[in-house]
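First listed ligand is number 1; within each ligand, the first listed atom is number 1. The basis for the numbers below is simple: all heavy atoms, side chains too, and nothing from hydrogens, waters or symmetry mates.
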Amino acid sequence: MGISYTIASGKGGVGKTVITANLGVALAQFGKDVTILDADIAMANLELIIGLEGQEVTLHDVLAGEANIRDALYKGPAGVKVVPAGISLGGLRKADPDLLEDVLVKLMEDTEILLIDSPAGLEKDAITAIAGGQNLLLVLTPDIPSLSDALKTKIVASRLGTNVKGSIVNRTGSEKTDLTIQEIETVLEIPTLITIPEDPEVRRSSAFGEPVVTRSPRSPASEAIKKLAADMIGVSYTIPKPETENFIQRLVSALFGRR
Ligand code: ADP
Ligand code: MG
């Protein structure tokens with residue numbers, strides 16, 4: 001029996017899917033048996049960024065009662081197991097979200113860590129994903145609309161009995177008007193587990209259908225996600241200093257013979 005985390009946000013487009021996919025791969029790289037479920041059945045896109053699109057059997061078929069969940073499990077990068085939701089509109093029409101609960105129970109039997117990529121909003125599909133995870137990782141970007149929606153999600157999750165572990169503040173450092181971590185923590189009253197900087201490598205990797213943690217493992221977003229993965233499983237991981245800093249050190253050593 002594993003441990004499950006729902007990755008939710010309230011607001012759409014804040015990075016839930018990117019974080020779920022890459023966190024799953026990072027945890028697998030640390031040797032964990034990880035399953036990622038794309039529970040955003042209407043706006044599925046996890047399969048696109050992890051390079052597993054176009055699979056024959058998907059969650060849609062399972063939720064239509066036409067396939068077994070074990071037939072919708074695929075091996076992704078670093079051996080992470082992935083259940084794609086399916087991106088076809090036809091598949092979506094026949095899917096019954098009420099069957100999701102049963103899917104979650106079955107997946108938990110066969111994995112150490114289950115990550116559930118939740119839809120945005122607080123409609124029934126999102127509520128099912130939030131209630132279905134033992135723990136919640138709350139994703140937001142450092143702006144007021146995202147914070148406001150994150151707060152609503154946190155309150156709903158607590159009422160549903162899901163353990164809200166903390167927040168992941170994504171896309172930091174690009175705007176001077178960004179909220180500070182202290183402001184975010186004051187409002188949400190939960191710890192910030194990690195901040196993930198704005199990083200062009202994220203979008204670039206998505207375009208190639210590859211997780212950023214495997215395509216650009218040294219990029220700032222990858223390092224932050226690896227650190228989060230390490231913290232979740234109690235492994236020590238230090239984010240290496242940026243290249244420029246190392247370069248300056250080397251330059252100073254070369255010029256002055258300092259070590
Ligand atoms: P959600 O699942 O919450 O709707 P996505 O994971 O699909 O959000 O991300 C939305 C967009 O933001 C994508 O285009 C993704 O590439 C981009 N993105 C997410 N995180 C970052 C980041 N740290 N730096 C740059 N772009 C990001
Ligand atoms: Mg998404």
Side-chain angles (χ1 to χ4, degrees), residues 5-26 36-53 58-60 76 82-87 92 97 100 115-123 125-130 133 136-143 145-150 152-154 157 167-175 178-179 181 184 192-229 239 242:
Y5 295 87
T6 297
I7 292 81
S9 67
K11 192 167 182 298
V14 296
K16 290 181 295 298
T17 301
V18 162
I19 292 167
T20 309
N22 283 285
L23 185 58
V25 174
I36 303 174
L37 171 72
D38 187 353
D40 192 353
I41 56 171
M43 292 294 168
N45 50 23
L46 191 136
E47 61 211 75
L48 297 174
I49 64 167
I50 212 160
L52 280 171
E53 70 278 9
T58 67
L59 183 64
H60 281 162
V82 181
V83 181
I87 50 181
L92 171 62
L100 192 64
L115 300 182
I116 305 161
D117 183 17
S118 163
L122 287 171
E123 299 293 327
D125 51 355
I127 295 288
T128 311
I130 293 168
L136 185 99
L137 303 178
L138 192 57
V139 180
L140 72 155
T141 48
D143 54 86
S146 174
L147 177 62
S148 158
D149 290 357
K152 281 182 224 161
T153 306
K154 186 206 106 169
S167 74
I168 299 170
V169 185
N170 191 24
R171 308 192 75 159
T172 59
S174 65
E175 288 293 332
D178 278 357
L179 296 170
I181 297 305
I184 290 169
T192 305
L193 303 173
I194 198 84
T195 59
I196 304 175
E198 176 73 25
D199 182 349
E201 284 304 318
V202 171
R203 207 178 284 235
R204 236 167 258 154
S205 301
S206 299
F208 285 93
E210 214 187 301
V212 70
V213 290
T214 54
R215 188 167 189 274
S216 304
R218 290 276 161 261
S219 77
S222 295
E223 291 291 6
I225 291 169
K226 281 189 277 182
K227 170 76 177 137
L228 174 63
I239 298 180

Taking [X] for the side chain and [Y] for the main chain, is one N or O donor matched with an acceptor at less than 3.5 Å?
{"X": "Thr153", "Y": "Asp149", "result": "yes"}
{"X": "Ser118", "Y": "Ala129", "result": "no"}
{"X": "Thr141", "Y": "Arg171", "result": "no"}
{"X": "Thr58", "Y": "Ala85", "result": "yes"}
{"X": "Glu210", "Y": "Gly51", "result": "no"}

* Asked: Could you give the distance from CG (Leu48) to CD (Glu53), rounded to the nearest 0.5 Å?
  -> 5.5 Å
For [atom], what is the nearest protein heavy atom, given as residue, atom name and distance?
{"atom": "atom 5 (P) of ligand 1", "value": "Gly15 CA, 3.7 Å"}
{"atom": "atom 7 (O) of ligand 1", "value": "Thr17 CB, 4.1 Å"}
{"atom": "atom 15 (C) of ligand 1", "value": "Val18 CG2, 3.9 Å"}

* **Under 2.8 Å: N/O/S of Thr20 next to the Mg ion (ligand 2)** => no
* Asked: Is the closest heavy atom of Gly13 to ligand 1 under 4.0 Å?
  -> yes
* Nearest candidate to atom 12 (O) of ligand 1, where distance is taken over non-hydrogen atoms, out of Arg203, Lys16, Arg171, Met43 ->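 Considering heavy atoms of Arg203, Lys16, Arg171, Met43, the nearest to atom 12 (O) of ligand 1 sits in Arg171.
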* Determine, considering heavy atoms only, which of Val14, Asp199, Leu140, Asn170 sits nearest to atom 25 (C) of ligand 1. =>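 The option holding the nearest heavy atom is Asp199.
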* Give yes if a backbone or side-chain nitrogen or oxygen of Pro197 is under 3.5 Å from a nitrogen or oxygen of ligand 1, and no if not. =>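 Yes.
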